[in-house]
Amino acid sequence: MEETRRSETLINAVEDYLSGLGQYNVGPLWKFLRQALTPEPKSQARPHLWRWKELRPQLLRAGELVSAAEAERRVLMLLNPGIEGRIATTHTLYGGLQLILPGEVAATHRHTPNALRFIMEGEGAYTVVDGEKMTMSFGDFVLTPNWTWHDHGSESSTPVVWLDGLDIPLATMLEGIFFEPFTQEAQSLTKPLNNSVAEYGKSGLLPTWQRSTASHSPLLKYAWTEAREAIMSLSLAAASPSDGAMLEYVNPVTGGPSLPTMASFLQRLKPGQKTETHRHSVSAIYLAVEGHGRTIIDGKAYEWAPGDVFCLPTWQWHAHENLSASTDAILFSFTDAPVMKAFNLYREQAL
Ligand code: 1HN
């Protein structure tokens, strides 16, 4: 009797103590240790697939309703259904579909988040990065590194659409966002057209009088004609069991990722190929470029066709499958791998 009374008194004392702690802005770690230190990453993000067939008409409708000048960037953001109140496609990465119509200009600005583009439709658009104009056609992969001035325009007679990839959720979480508009709509061109391709775009051949030491690739555009030829000429015999034949868009000077925070890839699955299930502590955004297949993420199938975009939250089991018996499938993707590797947070596991 005496014993129970004493323990009840203690329980009440502990409760009073805990409920009074808030006023000092402290909390008892012993109540939160297991919640803070999960055995493995648990992503708030959910896998999701955005269909080109559904989004293209929505994007063209935006083109009728809002001008690029008004919008500054006419983009439909790909918002993760598991993440509320934040601009995020995975917890670190952002993807969006951008439309530019004939004759339009998207004004010059710069910001600390890094950006990449993969052209999904059209040709005859361009991006200017720090005075260098780059033409953009289907399949081209273009970089807009951290704090570079950039504007877009279109000299095409048809709509041009691309996938934007940015590290905005990461930069926001790190409270490292800076932004500045340029004084004029367009910046002046100070370099030859596609200059970085001329200087750094020939595999294995680098200029002797300069060797960029920036944290991003000095090559700002990777042309589709060359990337496709490279992925198609690979022998699939020795390709990775979990990724198929996969190429990274690297910084030609260092061999490292093209941007300090994001790594980008092209991968090819042969007809009928099914990759082995694996998971890694990186999140990714994928774009189906060619072919028809599906990706199983945590047991659920996401079937894709060209133009579809899907996201893979971190540490979720996944495998890709080419559903065609006669044609190859090609996926473009970008991930936060450089960040995870830099801080020793990268792990990979086969099922
Ligand atoms: C941005 O600057 C672009 O330059 C695209 O095309 C998408 C999303 C959020 C913030 C800035 C662009 C963006 C963005």
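In each ligand, atom 1 is the first atom listed, and ligand 1 is the first ligand listed. For the numbers below, each heavy atom of this structure counts, side chains included, while hydrogens, waters and symmetry mates do not.
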Winner among Leu116, Asp151, Asp164 once heavy atoms are compared against atom 5 (C) of ligand 1: Asp164

Contact check, Phe179 vs ligand 1, heavy-atom distance below 4.0 Å: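 No.
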
Ligand 1 contact by Arg117, heavy-atom criterion under 4.0 angstrom: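 For ligand 1, residue contact (heavy atoms, under 4.0 Å) with Arg117 is present.
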
With Ser283, the side chain to side chain donor-acceptor pair (under 3.5 Å) member among Asn80, Thr314, Asp336, Thr335: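 Filter result, single survivor: Asp336.
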
Can you list the ligand 1 atoms lying under 4.0 Å from a non-hydrogen atom of [X]?
X	result
Ile168	9 (C), 10 (C)
His109	1 (C), 2 (O), 4 (O)
Tyr94	8 (C)
His152	4 (O), 6 (O), 12 (C)
His111	1 (C), 2 (O), 11 (C)

Going by heavy atoms in the side chains, are [X] and [Y] under 4.5 Å from each other?
X	Y	value
His91	Pro169	no
Leu101	Arg74	yes
Tyr286	His318	yes

Between Trp162 and Asp164, a side-chain donor and acceptor under 3.5 Å: yes

Closest protein heavy atom to atom 12 (C) of ligand 1, given as residue, atom name and distance to 0.1 Å: Arg73 NE, 2.8 Å

Heavy-atom nearest neighbour in the protein, as seen from atom 13 (C) of ligand 1, with distance rounded to 0.1 Å: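 Looking at atom 13 (C) of ligand 1, the protein heavy atom closest to it is Leu166 CD1, 3.8 Å.
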
Lys270 with Asp328: basic N within carboxylate O range, under 4.0 Å: no

Verdict with reasoning, Tyr222 to Tyr249, per ring pair (Phe, Tyr, Trp, His ring centres under 6.0 Å): CA-CA 8 Å; Tyr222 301 68; Tyr249 292 91; 5.4 Å; yes

Test of proximity, Gln98 against ligand 1: N or O pairs below 3.5 Å: yes

Parallel, tilted or perpendicular, as decided by the 30° and 60° cut-offs, for the rings of His278 and His280: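 Answer is perpendicular, since the angle exceeds 60°.
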
